[in-house]
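What follows is a short report on a single structure.
Just so it is clear, the values below take in all heavy atoms, side chains as well, and ignore hydrogens, waters and symmetry mates. Because the structure is a prediction, the values reported are computed rather than measured. Indexing begins at 1, ligand by ligand and atom by atom, following the structure's order.
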Amino acid sequence: MAQKYILALDQGTTSSRSVLVDEKGKIVAIAQEEFEQIYPASGWVEHDPFVILETQLSTLQKVIEIANITADKIVGIGITNQRETTVIWDKNSGKPIYNAIVWQDKRTAEICEDLNKRGLENHVKQTTGLVIDAYFSATKIHWILENVPNAKQEAQKGNLLFGTIDSWILWNLTDKKVHATDYSNASRTMLFDINKLCWDETLLKALNIDQKMLPKVKPSSFHFGDFILNGTKIPIAGIAGDQQAALFGQACFKKGNAKNTYGTGCFLLMNTGKKPQFSKNGLLTTIAWGINNKVYYALEGSVFVAGAAIQWLRDGLEIIKSAEESEFFAQNVGDENPVIVVPAFAGLGAPYWDMYARGAIFGLTRDTGKNHLIKATLQSLAYQTKDVLIAMQEDAGIPLKSLKVDGGASANNLLMQFQADILNTVVERPKITETTVMGAAYLAGICVGLWQQNELTIHREIDVEFIPKFTSEKREHLYKNWLKAIERTKNWID
Ligand code: ADP
C-alpha cells in the first residue's frame with residue numbers, strides 16, 4: 001500500500017515551517033523560513049501577513065519537493081500557530097488593513113488599564129479564563145479598528161474579518177471560503193467564553209468589536225475545509241495554538257498529564273479534563289482542544305526567565321561559552337549546592353507575582369566558584385518549574401501524573417534529572433522533541449481516520465525517562481532553601 005502523509009504547518013513567531021509526517025508518526029521532511037520582525041516603535045512588534053503566508057506556502061512546496069511525493073499522498077493538513085497574534089483583513093480584496101500585531105506587542109497596555117478601571121477583571125477571568133493583558137487579541141483588534149481610517153465603518157458594514165494566524169492561513173488556503181478557528185486559539189483572544197463556548201457579548205461591547213468580523217469556532221480535530229494542491233483536494237483537518245498543540249503532541253491526554261517546554265522561558269500546561277479549573281495563583285485557564293464533541297481544558301503557567309538565565313551565564317557573566325557547556329561544569333558540584341541563584345531579573349511571575357523582586361545570589365562562601373553558580377542557575381529552572389506545578393496541582397485539585405518535556409534546555413540531562421528529583425515525579429523526554437508539529441499532525445490525522453487517539457502513544461518513542469532518586473528529606477530540605485531565597489528577593493526595588 002502506498003505511504004500516506006500528514007502535512008503539518010507550524011507558523012511560529014520567528015519562522016514558518018512545514019513538516020511531513022508519515023503513517024508511523026515519523027517526520028520525513030522539514031522546511032523552514034525565517035521572516036522579518038517589524039518594530040515600528042518601542043514595545044511594538046508586527047509581522048507582514050502576506051510574508052507569513054508566502055513563507056508558509058514556500059516551505060509547503062519545499063517540503064513536498066524534499067520528500068519527492070505527489071499531492072495525492074497527503075491525506076490531511078494540520079495547522080499550529082503563534083497564538084494571540086492578530087490580523088484584520090478586507091474580505092473582498094483579501095488585503096490586511098494593518099500588519100499583524102504580534103502577541104509580544106505592548107501598545108495596548110493603556111486599553112487594558114482602562115478595562116481594569118471599568119471593573120472587568122473578574123468578568124474576564126470567569127468567562128475567558130485569562131487575566132487582562134495586552135498579549136491577548138482583544139485589545140489589539142480594538143486598536144486596529146480605532147487607528148486605521150474607516151476601519152470601524154467597514155467592520156460595521158461586514159467587510160472586515162478578524163483572525164488569529166490560523167484563521168488567516170485557513171481562509172487563504174481555502175481560497176477565501178472558510179473563516180474559522182479552533183477552540184484553543186479562540187480561548188486566547190480574551191473574547192471567548194470558555195464555559196459556554198461562544199463569543200462574549202459583554203467584552204465585544206466593551207471593546208466595540210462587531211461580532212460579524214469574528215471567525216466560527218470549531219473543534220481542533222475537524223474538517224475545516226480543503227486546500228487544492230496541484231489539482232488535489234486535501235482536507236485541512238486540525239488546528240491548535242502552539243502550546244496546546246505541544247500538549248497534544250506530548251500525548252498529555254489524561255487529566256493530570258503536564259508538559260513543560262524549556263526555551264527562553266518555560267511554558268507549562270496541565271490537562272485538567274472536561275471542566276475549566278480557575279486559578280487562585282494567577283495561572284491561566286485555557287481550552288486545550290476540542291475533539292470528538294468534547295472540549296478539554298488546561299491550566300497554563302510560565303516561567304519568564306529559564307533558558308534566558310543560561311544565556312546570562314554565557315553573555316552576561318561570560319563563564320560559559322555555550323548553553324550546552326553548562327552541563328559539563330555543573331557536574332562538578334553536588335546537588336546540595338550551597339549556592340542558590342534566583343533569576344528574578346524582571347520580577348517574579350507565577351505564583352508569586354512580585355514585579356518589585358529582583359534577582360539574587362545566596363550562600364556565597366570563600367570557596368564558591370563558577371561551577372556553583374552554573375549549577376545553581378540550572379537548578380533555578382527546575383525550582384521555578386516546581387513552584388508553578390505546585391500552584392497548578394493546588395488549583396486543579398489534581399496530582400501531577402507525569403511531566404513530559406521538550407524545548408532547547410530539555411537536552412540537558414543534569415537539569416532533567418534534577419527536575420525529576422526535586423519534583424519527585426518521573427520526567428519523560430521523547431525522542432522527537434518536535435511536539436508542537438506532532439500535535440498539529442495528530443489532530444489532523446485523527447480527523448481523517450489515519451490514526452486513533454489511543455494508539456498515538458505507540459508512536460512516541462521515549463528518549464530518556466528520568467526517575468526521581470532523592471530521599472524526601474533531601475528534597476524537602478533543598479526546596480525549603482529555595483523558598484527562603486525567594487522570600488528574600490521579594491520587594492527589592494522601590
Ligand atoms: P526558544 O524557542 O525560546 O528560542 P529553544 O527551545 O530554542 O528556545 O531553547 C533555547 C534556550 O535553551 C536558550 O535560552 C538556551 O540558553 C537554552 N539551552 C539550550 N541548550 C541548553 C542546554 N544544553 N542546557 C541548558 N540550557 C540550554
Side-chain angles (χ1 to χ4, degrees), residues 10-17 19 30 32-35 37 45 47 80-85 102-104 135 241-247 249-250 259-269 300-333 337 341 343 345-346 349 359 370-385 388 403-420 422 427 429-440 463-464 466:
D10 176 10
Q11 206 304 304
T13 309
T14 56
S15 72
S16 298
R17 306 196 313 146
V19 178
I30 302 182
Q32 173 163 2
E33 267 179 46
E34 292 198 4
F35 57 83
Q37 307 291 310
V45 190
H47 293 156
T80 180
N81 55 291
Q82 52 166 321
R83 303 179 302 172
E84 296 117 12
T85 297
V102 179
W103 56 274
Q104 297 142 325
Y135 272 139
D242 53 12
Q243 294 305 322
Q244 284 96 329
L247 189 69
Q250 285 275 27
K259 71 95 193 169
N260 191 12
T261 303
Y262 298 80
T264 312
C266 282
F267 269 106
L268 282 125
L269 269 82
E300 174 172 327
S302 46
V303 170
F304 298 144
V305 181
I310 311 301
Q311 290 166 23
W312 166 70
L313 294 177
R314 187 192 61 194
D315 307 332
L317 298 187
E318 299 182 28
I319 55 176
I320 50 173
K321 288 201 192 71
S322 68
E324 294 73 34
E325 222 180 56
S326 61
E327 185 166 354
F328 171 78
F329 290 113
Q331 277 164 1
N332 300 319
V333 179
N337 186 3
V341 170
F345 299 148
K370 80 172 198 179
N371 294 346
H372 295 97
L373 282 181
I374 294 167
K375 174 111 186 191
T377 306
L378 279 172
Q379 288 175 310
S380 77
L381 273 63
Y383 285 129
Q384 293 181 94
T385 296
V388 175
L403 184 67
K404 309 195 184 182
V405 299
D406 51 58
S410 74
N412 190 310
N413 291 325
L414 180 141
L415 168 61
M416 292 302 109
Q417 183 58 50
F418 186 73
Q419 185 71 81
I422 204 68
V427 168
R429 185 174 65 204
K431 266 200 183 132
I432 301 179
T433 50
E434 292 275 2
T435 55
T436 308
V437 157
M438 291 313 296
D463 174 28
V464 185
F466 298 90

### Message
Regarding atom 4 (O) of ligand 1: of the candidates Thr264, Asn413, Thr14, which has the closest heavy atom?
### Response
Thr264
### Query
Ala308 heavy atoms, cut-off 4.0 Å: which ligand 1 atoms fall inside?
14 (O)
### Message
With heavy-atom distances below 4.0 Å as the criterion, list the atoms of ligand 1 near Ser326.
### Response
24 (N), 25 (C)
### Backbone of Ser15 reached by a side-chain donor or acceptor of Gln32 within 3.5 Å
no
### Query
How close does the nearest protein non-hydrogen atom get to atom 5 (P) of ligand 1, and which residue and atom is it?
Gly408 N, 3.7 Å
### Query
Is Glu324 near ligand 1, meaning one of its heavy atoms is under 4.0 Å from it?
yes
### Query
Is a side-chain N or O of Arg17 found less than 3.5 angstrom from the main chain of Gly12, in a donor-acceptor match?
no
### Query
Using a heavy-atom cut-off of under 4.0 Å, does the side chain or the backbone of Ala306 touch ligand 1, or both, or neither?
neither
#### Entry: Identity and separation of the nearest protein heavy atom to atom 12 (O) of ligand 1
Ala409 N, 3.6 Å
#### Entry: For atom 14 (O) of ligand 1, closest protein heavy-atom neighbour
Gln311 NE2, 2.6 Å
### Message
Could you work out, with side chain to side chain contact (heavy atoms under 4.5 Å, CB included) as the rule, every residue matching Ala409, not counting sequence neighbours?
### Response
Tyr262, Leu381, Leu415
### N/O donor-acceptor pair under 3.5 Å between Gln384 side chain and Gly349 backbone
no
#### Entry: Nitrogen or oxygen atoms of Gly307 and ligand 1 under 3.5 Å apart
yes
### Query
Can you list the ligand 1 atoms lying under 4.0 Å from a non-hydrogen atom of Gly407?
6 (O)
### Task
Side-chain contact test, heavy atoms from C-beta onward, threshold under 4.5 Å: evaluate it for Ser326 versus Asn412 and give yes or no.
yes
### Message
So does Gln250 get a backbone contact from the side chain of Lys259, meaning a donor-acceptor N/O pair under 3.5 Å?
### Response
no
## Note on the structure
Heavy-atom proximity to atom 11 (C) of ligand 1, picking from Ser410, Ser322, Gly263, points to Gly263
Got a list of side-chain donor-acceptor pairs under 3.5 Å for residues 308-323, not counting sequence neighbours?
residue : atom : partner : partner atom : Å
Ser322  : OG   : Glu324  : OE1          : 3.4
Ser322  : OG   : Glu325  : N            : 3.3

### Message
Which option wins on minimum heavy-atom distance to atom 24 (N) of ligand 1: Thr13, Ile320, Leu313, Asn412?
### Response
Asn412
### Task
Any chance you could lay out the side chain to side chain donor-acceptor pair (under 3.5 Å) test for Asp406 and Thr261, step after step, and finish with the verdict?
CA-CA 5 Å; Asp406 51 58; Thr261 303; 2.6 Å; yes
### Query
Hey, what's the ring geometry for Tyr135 with Trp103, parallel, tilted or perpendicular (30° and 60° as the breaks)?
tilted
### Task
Could you see which bit of Ala323 sits under 4.0 Å from ligand 1, with heavy atoms only: side chain, backbone, both or neither?
both
### Query
Within 4.0 Å of atom 2 (O) of ligand 1 (strictly less), any protein heavy atom?
no
### Minimum-distance pair of heavy atoms, taken over all atoms of Cys266 and Thr385
SG-OG1, 4.1 Å
### Query
When only distance counts, is Ala411 in polar contact with ligand 1, meaning an N/O pair under 3.5 Å?
no
